[in-house]
Amino acid sequence: FRGALLNEFSGSDSRFAAHSQDWAIGRNRFAVGAVARPIMEGDDCGDATACWEQEQKLYLCLADGLGHGEFARVAALAALASVQQHPPAPLPTIFAQCDRDIQETRGVAMGIAVVDPVAQTVTFCGVGNIRIVLLGQRPRHFSCSYGIVGAGFKNLLVETLPFAPDDILILTSDGILEHFIAPDPRP
């Protein structure tokens, strides 16, 4: 399994980051990479990502703080802290708790993908302008709900698709063109 977060793992350098990390869950191996840079040189990057394992599943989270700079980064890091500190729960519950936890920040657009290597599926839920594409035998795009985590949202959409060995999962924020790799196939 391969995955990519086209943003960054949370790290100490908030201006630019590029990281990769290998994960093993049972006999399954995952390669996860992330890249980020701020919209303006000398500014803090308002995008942050995290990757962690819970209950034999790999969680990938991308948070894009509203605006840019220091306050956007504070919001993104607060969102990551919120989603990682709670016990495993359905994605709508995780989003609702994060919405409450970060109300004192600018808020974020956020997406969480959960890879289940036993079921060979990926489940995604997102709010705002996060994009996710699954590259496999047939490229697929997931959808995000309208709203801002930290300022309210409704009608969360949770989608689950098959996730086979050698599939690639890519999450991006608004700094990447929406259909940069795989436009939806025509009927």
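Remember, it's a predicted structure, so these values are computed and weren't measured experimentally. Atoms considered below: every heavy atom in the structure, side chains included; atoms not considered: hydrogens, waters and symmetry mates.
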Quiz item: Where is the tightest heavy-atom contact between L80 and A48, given as atom of each residue plus distance?
Solution: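 Between these two residues, the closest heavy atoms are CD1-CB, 3.5 Å.
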
Quiz prompt | Distance, nearest 0.5 Å, that separates NE2 of H141 from CG of L134 | solution =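 With rounding to 0.5 Å, NE2 (H141) is 10.0 Å from CG (L134).
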
Quiz item: If you round to the nearest 0.5 Å, how far is OG of S82 from CG of L77?
Solution: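 Here the rounded value is 12.5 Å.
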
Just distance, no hydrogens or angles: give the donor-acceptor pairs under 3.5 Å from side chains in residues 102-114, sequence neighbours left out.
residue, atom, partner, partner atom, Å
T105, OG1, I102, O, 2.7
T105, OG1, G107, N, 3.1
R106, NH1, L66, O, 3.0
R106, NH1, H68, O, 3.4

Practice problem: Measure the shortest side-chain to side-chain distance between Q84 and W52 over non-hydrogen atoms and say whether it is less than 4.5 angstrom. | Solution: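 They are in side-chain contact.
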
Quiz prompt | Reported CG-to-CG distance for the pair L171 and D47, which is rounded to 0.5 angstrom | solution =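 One finds 11.5 Å between CG of L171 and CG of D47.
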
Practice problem: Show the numbers, then the answer: is there a side chain to side chain donor-acceptor pair (under 3.5 Å) between S145 and N155? | Solution: CA-CA 7 Å; S145 301; N155 302 324; over 6 Å; no

Practice problem: Go through the structure and list residues passing side chain to side chain contact (heavy atoms under 4.5 Å, CB included) with A151, not counting sequence neighbours. | Solution: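 A151 satisfies side chain to side chain contact (heavy atoms under 4.5 Å, CB included) with I148 only.
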
Quiz item: So, does D99 use its side chain to make a donor-acceptor pair with the main chain of G152 at under 3.5 Å?
Solution: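 Judged by distance alone, yes, a pair lies under 3.5 Å.
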
Practice problem: Would you check, one step at a time, whether the test side chain to side chain contact (heavy atoms under 4.5 Å, CB included) holds for N129 with S173? | Solution: CA-CA 6 Å; N129 59 355; S173 68; 5.7 Å; no

Quiz item: Out of curiosity, L157 CG to E159 CD, how far, rounded to the nearest 0.5 Å?
Solution: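 Atom-to-atom, L157:CG and E159:CD are 4.5 Å apart.
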
Quiz item: Do the non-hydrogen side-chain atoms of L91 and L156 ever get within less than 4.5 Å of each other?
Solution: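 L91 vs L156: side chains apart.
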
Quiz item: What pair of heavy atoms forms the shortest contact from A76 to G65, and how long is it?
Solution: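 That would be CB-N, 4.0 Å.
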
Exercise. Go through the structure and list residues passing side chain to side chain donor-acceptor pair (under 3.5 Å) with R27, not counting sequence neighbours.
Key: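 Result, side chain to side chain donor-acceptor pair (under 3.5 Å) vs R27: none returned.
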
Quiz item: Is there a path from L62 to V83 through hydrophobic residues (I, L, V, M, F, W, Y) whose side chains come within less than 4.5 Å of each other?
Solution: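 Not linked; separate clusters.
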
Exercise. For D167 and L169, run side chain to side chain contact (heavy atoms under 4.5 Å, CB included): C-alpha distance rounded to whole Å, both residues' side-chain angles, the deciding distance at 0.1 Å, then the answer.
Key: CA-CA 7 Å; D167 279 358; L169 187 65; over 6 Å; no

Quiz item: Which residues pass the side chain to side chain contact (heavy atoms under 4.5 Å, CB included) test with P162, sequence neighbours left out?
Solution: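 With sequence neighbours excluded, P162 shows a side chain to side chain contact (heavy atoms under 4.5 Å, CB included) to no residue whatsoever.
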
Quiz item: Taking atom types as modelled and ignoring hydrogens, do the side chains of D101 and Q97 form a donor-acceptor contact shorter than 3.5 angstrom?
Solution: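 Checked: D101/Q97 side chains pair up, N/O donor to acceptor below 3.5 Å.
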
Self-check item: Audit row: Y59, E53, side chain to side chain contact (heavy atoms under 4.5 Å, CB included) steps and yes/no
Solution: CA-CA 6 Å; Y59 285 71; E53 178 187 346; over 6 Å; no

Practice problem: Could you note down all residue pairs passing ring pair (Phe, Tyr, Trp, His ring centres under 6.0 Å) where residues 88-108 supplies at least one of them, sequence neighbours left out? | Solution: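 Sorted result for residues 88-108: empty, none.
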
Quiz item: When rounded to the nearest 0.5 angstrom, what distance separates CD1 in I130 from SG in C61?
Solution: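 Interatomic distance, I130 CD1 to C61 SG, rounded to 0.5 Å: 8.5 Å.
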
Quiz prompt | Qualifying residues under ring pair (Phe, Tyr, Trp, His ring centres under 6.0 Å), relative to F124, sequence neighbours excluded | solution =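 Listed in chain order: F142.
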
Practice problem: To the nearest 0.5 Å, tell me how far R138 CZ sits from L161 CG. | Solution: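 Answer for the CZ-CG pair, R138 versus L161, is 9.5 Å.
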
